[in-house]
Amino acid sequence: MKRKIFFRAGLLLVAGILAACSNDNNSENDGKKVDVAKAVEFKVNFSDYNADEEVQGTRAADCQKSDTLSKQVVDLGNDILAEVTVQRDTTLTKAKPHPSTRALEDGNYTLIAYIAGTPVGEIKGFVKDGTFMHTDNNVLELAPGTYNFTLFNDKVNYSGGGYSFSVNYANAGTAIVGRAGNVVIPPSPRHQQVTFNMKHIGARMKLRLQCYMSHDGLGGKLSGTIPSIGKADPSTYVRMTGENPAAWSSNISFPAVNFDADDTNFYKQSMPTDYQYFFYGTNVSDLKLTLNSGTIYDTDLSVHPVTIDLAPNPAVMMEGNKSYIVNVKLMRNLWYLMSDGSIGLTKETTYGGGTKTPIGIVLSRSRHMAVALKNAVLDGREDIDAFYNPTWAAMNVQSNYRIFTLDNSYSANVINDMDGRKYTWEPAGSADGTTVKATALYDGVHPTYPAFYAAGHYRQQLTASGITLTNGMESKDWYLPSWGEGAYIFSELYRQDKSKLIQNTNSAIYVNIAGMGDLAAAPFRQVQGRPLLGGDRNGWYYNSTEFIEYSIYKYFGSMNLSFNSVNFIPTGKSGTRWYVRPFIIY
């Protein structure tokens, strides 16, 4: 009897325990919720533009080839060429300056909770010291379960109970969104930490203008048909896609740049202060840059505006939280002599987007005449008169087969002297009919005519620098140009009529070309050559034309180039800081 009593009592105890357990299980689903705003710490990280790219530090433009996304070359007319390159903006790093972070924290934020794509609650607040803080009297109570959270600032519009995101174009640069997925809220409140990586919904882009001569500032506008609004589903947020394309434009101003004395830079860059912002879905090819104010390469853009379609190959689609630089390289479009003996325009050189190595600038295609990109060097020096005096030839001795009398008509005569190669390389070009001035040595070691010798050995200088000459260029001779050949520099590179080269002083030809020195220097700079100017922005260059005065053979024609004038002056056969710039008949 007692056993039955104990057995029944045991059954009742087990039943009671099971009932209690059943009641506890039901309590997990009885509608009891957790105040997430108190139980969860929402940490907020603000991602810099390109933060997910493996790029660090600031690099020079000529070292950014690995960051180049696309490029194209456009002929703009007026002898101007534009190379457009789209690059990642690598001037930023993952390390964010604190003032920048504080700026992003400013403003109001909204946090929405989703379960299975359905919004189930939201809370408003602000960000302080990297943490989302709800405002007073705000609570976010959620039943235990697995949630996705989306956090965004007040530049983002949302509607329909959190079913739709949109951003106006004006806020494309300031709207930011972050998402945290698969967050488990347990039934018993415990401390948790959820991290949002906040990203800009828009892409940003800055234009950079690269030039090879000074300018006083250029202006224009960037325009195109671009998305005017960004939209996204916040419950499954990946990116905000641009929609509703519309015509758009923004004024652009490029600050002035200047090449000063002793400037060794090949180019200068000019960038606007502000970035432009775009939604995902904007193709760089949808944009164009119009330059319509300022002067560059002797072209007044207010009279002859140029429009550059930013249509790189391959096309570049701008993505949210990415930063881009569109580099527009403006170059003079001229003919160059290449190392393989061919000639081609700027875009065919390795510096203009092509594959060929330039070695000279073509001054006359009909005469097949080109000028070297660099000065000739003798004994390791450009200013060869530092070691050799006389540099040109012995005083009081006729050197060339032809001489010109220094009188009131000498300029009209010597402008037709085109015999530089003959004076340099042919025995008949010398007064004695036997001497080759390009190779003559007075002691078996030192040149008798240093200026002619340096010009005549420029081919060896090219090969010693690592340039491979082919298709006959490996045997063609460079020479010291005559006065008339040198005048082609004035007409081709300074864009001046040679008829201006008329004697206008008692002993010299002087032409005022104020502000045009950079124009002549640009074709050399843009292919990393040496401009026809000395370090003091004033270069004296030997030529091979010889004069006589008072029956004494001591004068020859020299050419002086500066940023403001061109002079052709009969002078003595040696000087200080004079240079040799070889010519070639290709």
Is it true that a side-chain atom of [X] and a backbone atom of [Y] form a donor plus acceptor pair closer than 3.5 Å?
X	Y	result
Gln269	Val257	no
Asn321	His200	yes
Ser270	Leu209	no
Asp340	Thr470	no
Asn168	Ala170	no
Tyr336	Pro523	yes
Thr225	Trp248	no
Ser544	Pro481	yes
Gln72	Ala311	yes
Tyr169	Tyr277	yes

Determine whether the side chains of [X] and [Y] contain a donor N or O and an acceptor N or O closer than 3.5 Å.
X	Y	value
Thr463	Gln460	no
Ser302	Asp300	yes
Asp518	Ser214	yes
Asp379	Tyr388	yes
Gln210	Tyr212	yes

Considering only heavy atoms from C-beta outward, does the side chain of [X] approach that of [Y] to under 4.5 Å?
X	Y	value
Trp578	Trp392	no
Ile361	Leu373	yes
Leu519	Tyr494	no
Arg459	Lys476	no
Leu222	Gln276	yes
Thr282	Tyr280	no
Ile359	Ser339	yes
Ile584	Asp477	no

* When you look at Leu81 and Lys329, which way does the side-chain contact (heavy atoms from CB on, under 4.5 Å) test go after all the steps? -> CA-CA 8 Å; Leu81 194 73; Lys329 182 194 297 183; over 6 Å; no
Can the positive tip of [X] be found less than 6.0 Å from the middle of the six-membered ring of [Y], inside 45° of the ring normal?
X	Y	value
Arg530	Tyr579	yes
Arg525	Phe266	no
Arg421	Tyr479	no

Contact summary for [X] and [Y], nearest pair of heavy atoms:
X	Y	value
Tyr423	Thr545	CE1-CA, 4.5 Å
Lys322	Tyr49	O-CD2, 3.7 Å
Val580	Tyr542	CG2-CD1, 3.9 Å
Gly456	Trp425	O-CZ2, 3.2 Å
Ser285	Ala315	OG-CB, 4.3 Å
Pro272	Leu207	CD-O, 3.0 Å

May I ask you to check whether over 12 heavy atoms, not counting those of [X], lie within 6.0 Å of atom [atom1]?
X	atom1	answer
Asp75	CG	yes
Lys221	NZ	no
Lys206	NZ	yes

Aromatic ring pairing Tyr586/His368, orientation class (parallel under 30°, perpendicular over 60°, tilted between) =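 Judged by the thresholds at 30° and 60°, the geometry between Tyr586 and His368 is parallel.
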Practice problem: Please work out which of the three classes, parallel, tilted or perpendicular, describes the rings of His457 and Tyr453, given edges at 30° and 60°. | Solution: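 Rings of Tyr453 and His457: parallel, under 30°.
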| request: Just do the side-chain contact (heavy atoms from CB on, under 4.5 Å) check on Leu287 and Met318 with the steps written out, would you? | output: CA-CA 12 Å; Leu287 304 172; Met318 287 187 276; 4.2 Å; yes
State which residue, out of Asn78, Leu330, Leu76, fulfils the side chain to side chain contact (heavy atoms under 4.5 Å, CB included) condition with Thr299.
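Only match with Thr299 under side chain to side chain contact (heavy atoms under 4.5 Å, CB included): Asn78.
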Distance, nearest 0.5 Å, that separates [atom1] of [X] from [atom2] of [Y]:
X	Y	atom1	atom2	value
Asn416	Trp483	CG	CH2	9.5 Å
Glu474	Thr468	CD	OG1	10.0 Å
His304	Asp298	NE2	CG	10.0 Å
Glu492	Leu363	CD	CG	6.5 Å
Met418	Phe583	CE	CZ	8.5 Å
Tyr449	Lys437	OH	NZ	6.0 Å

| said: What I want to find out is whether Glu83 reaches Lys347 closely enough, with some N-O distance under 4.0 Å, to be called a salt bridge. | reply: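 No, no charged N to carboxylate O under 4.0 Å.
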Notebook entry, point to check: Which pairs, with at least one residue in residues 348-357 and sequence neighbours excluded, count as a side-chain hydrogen bond (donor to acceptor under 3.5 Å, both in side chains)?
Noted result: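 Sorted result for residues 348-357: Ser342-Lys356.
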| Passes side-chain contact (heavy atoms from CB on, under 4.5 Å), Arg495 versus Phe490? Steps please. | CA-CA 7 Å; Arg495 285 182 173 171; Phe490 180 73; over 6 Å; no
Given Met213 and Tyr297, is the side-chain contact (heavy atoms from CB on, under 4.5 Å) satisfied, shown in steps? CA-CA 8 Å; Met213 68 172 293; Tyr297 301 135; 3.2 Å; yes
